[in-house]
Amino acid sequence: AALKNSLFVAVTAAVLGTLLGVLTARANSRYEFFGKKPSLSFILVPLVIPELIIGVALLIVLMQLGLSLNLWTVILGHTLLIMPFSTLVMLSAFNNLDQSIEEASMDLGETAFGTFRRIILPMVAPGLMASFIIGFTISLDEFMIAFFLTGTEPTLPVYIWAQFRFPVKLPSVMALGTILLLFSLLLLSLSEFFRRRISRSEALEIV
């Protein structure tokens with residue numbers, strides 16, 4: 001049950017974080033608007049704030065709003081944590097696109113949304129995959145925010161932590177933690193693969 005909860009939270013938070021990262025990176029890479037730099041800095045703040053402070057702050061806010069703790073509150077916290085990573089990955093992808101390709105598409109009669117969907121998104125697909133995998137890995141392994149925001153449905157890291165109270169379960173918990181670590185390393189390797197694809201694409205554009 002804890003594994004199911006973790007997978008649901010990780011997939012949902014990674015999708016939401018990547019979507020918000022795409023929108024943020026797109027706006028910052030292609031448009032000029034008032035407060036552009038301060039807004040980007042504000043979005044990246046979770047990168048430098050300890051997760052303990054983020055978890056406690058979100059818990060206080062949710063309690064003040066009268067909301068109950070469940071998997072969706074964990075998803076909210078993880079999305080907040082994932083979004084800065086996704087924004088940085090997608091900023092790199094969008095900044096290295098040749099803007100003349102977009103202009104050519106629109107000159108040929110395609111709409112802005114059609115150009116974004118048919119031209120831009122396929123070109124930044126490696127960045128999207130890297131962003132999703134990084135977000136999924138972060139959410140799957142994250143403990144502190146989940147510890148504060150989870151209700152009666154614990155995620156896998158919270159479950160593993162709870163089982164340490166029972167010495168008899170230590171071997172199985174250690175085995176489970178090892179499997180989780182190996183799976184996370186596999187996901188990070190995939191993320192690095194897609195990141196290198198972005199780098200190769202940039203090198204080809206330069207040539």
Side-chain angles (χ1 to χ4, degrees), residues 9-51 53-54 57-58 61-62 65 72-139 142 145 187-188 190-207:
V9 169
V11 170
T12 307
V15 169
L16 292 176
T18 298
L19 176 61
L20 293 173
V22 167
L23 297 177
T24 304
R26 178 63 180 171
N28 277 270
S29 63
R30 284 294 179 263
Y31 304 103
E32 294 294 333
F33 53 89
F34 177 75
K36 176 179 177 179
K37 291 184 178 180
S39 64
L40 180 60
S41 299
F42 179 75
I43 290 171
L44 299 180
V45 161
L47 291 175
V48 296
I49 296 181
E51 292 181 14
I53 296 177
I54 296 176
L58 287 174
V61 170
L62 293 172
L65 293 175
W72 287 103
T73 57
V74 180
I75 290 171
L76 173 65
H78 284 187
T79 301
L80 179 65
L81 191 63
I82 291 169
M83 185 179 171
F85 291 94
S86 176
T87 299
L88 292 177
V89 172
M90 297 311 301
L91 267 176
S92 176
F94 282 125
N95 284 334
N96 289 284
L97 281 180
D98 187 355
Q99 194 168 355
S100 63
I101 297 177
E102 301 176 42
E103 295 171 352
S105 173
M106 298 182 71
D107 286 342
L108 292 173
E110 184 58 274
T111 62
F113 178 76
T115 298
F116 183 77
R117 181 170 63 89
R118 293 192 175 98
I119 306 297
I120 299 173
L121 282 183
M123 293 179 68
V124 298
L128 287 172
M129 289 301 301
S131 173
F132 176 82
I133 293 173
I134 290 173
F136 183 88
T137 307
I138 291 172
S139 178
E142 204 283 324
I145 292 177
L187 291 176
L188 289 175
L190 286 174
S191 173
E192 178 65 13
F193 168 75
F194 286 109
R195 189 193 68 79
R196 293 188 178 222
R197 285 193 60 182
I198 297 176
S199 300
R200 284 199 296 269
S201 299
E202 294 172 6
L204 289 175
E205 288 182 6
I206 294 174
V207 172

Report summary line: Between the CD1 atom in Ile75 and the OG1 atom in Thr12, the distance rounded to the nearest 0.5 Å is 4.0 Å

Report summary line: The side chain to side chain contact (heavy atoms under 4.5 Å, CB included) partners of Leu108 (sequence neighbours excluded) come to none

Expected list for residues 80-91: side-chain donor-acceptor pairs under 3.5 angstrom, two or more places apart:
from: Ser86; atom 1: OG; to: Gly17; atom 2: O; distance (Å): 3.4
from: Ser86; atom 1: OG; to: Ser131; atom 2: OG; distance (Å): 2.7
from: Thr87; atom 1: OG1; to: Met83; atom 2: O; distance (Å): 2.8

Donor-acceptor pairs under 3.5 angstrom involving side-chain atoms of residues 110-117: please list them, not counting sequence neighbours.
from: Glu110; atom 1: OE2; to: Arg118; atom 2: NH1; distance (Å): 2.8
from: Thr111; atom 1: OG1; to: Gly114; atom 2: N; distance (Å): 3.0
from: Thr115; atom 1: OG1; to: Ser105; atom 2: OG; distance (Å): 3.0
from: Thr115; atom 1: OG1; to: Thr111; atom 2: O; distance (Å): 2.9

Query raised in the report: Quick check: does any side chain N or O of Ser139 sit under 3.5 Å from a backbone N or O of Gly135, one acting as donor and the other as acceptor?
Result: no

Requested in this report: State which residues pass side chain to side chain contact (heavy atoms under 4.5 Å, CB included) with Arg30; sequence neighbours excluded, sorted by chain then number.
Outcome: Arg26, Leu97, Gln99, Glu102

Requested in this report: Nearest 0.5 Å please: distance from the CG atom of Leu44 over to the CD1 atom of Ile49.
Outcome: 11.0 Å

Query raised in the report: At what distance, to the nearest 0.5 angstrom, does CD1 of Ile119 lie from CE of Met106?
Result: 11.5 Å

Report summary line: Here the pair of heavy atoms bringing Phe94 nearest to Ser29 is CB-OG, 3.4 Å

Query raised in the report: So do the side chains of Val124 and Val22 get within less than 4.5 Å of each other, counting heavy atoms only?
Result: no

Report summary line: By side chain to side chain donor-acceptor pair (under 3.5 Å), Thr79 pairs with (sequence neighbours left out) none

Query - N/O donor-acceptor pair under 3.5 Å between Lys36 side chain and Ala27 backbone - result: no

Report task. Working to the nearest 0.5 Å, report the span between OG1 of Thr137 and CD of Glu142. Result -> 13.0 Å

Requested in this report: Enter the distance from Leu128:CG to Leu121:CG here, rounded to the nearest 0.5 Å.
Outcome: 6.0 Å

Query - Distance (rounded to the nearest 0.5 Å) between Ile145 CD1 and His78 NE2 - result: 5.5 Å

Report task. List for me each residue that meets side chain to side chain donor-acceptor pair (under 3.5 Å) alongside Ser41, sequence neighbours excluded, and say none if there are none. Result -> none

Query raised in the report: At their closest point, which heavy atom of Phe132 faces which heavy atom of Val11, and how far apart are they?
Result: CE1-O, 4.0 Å

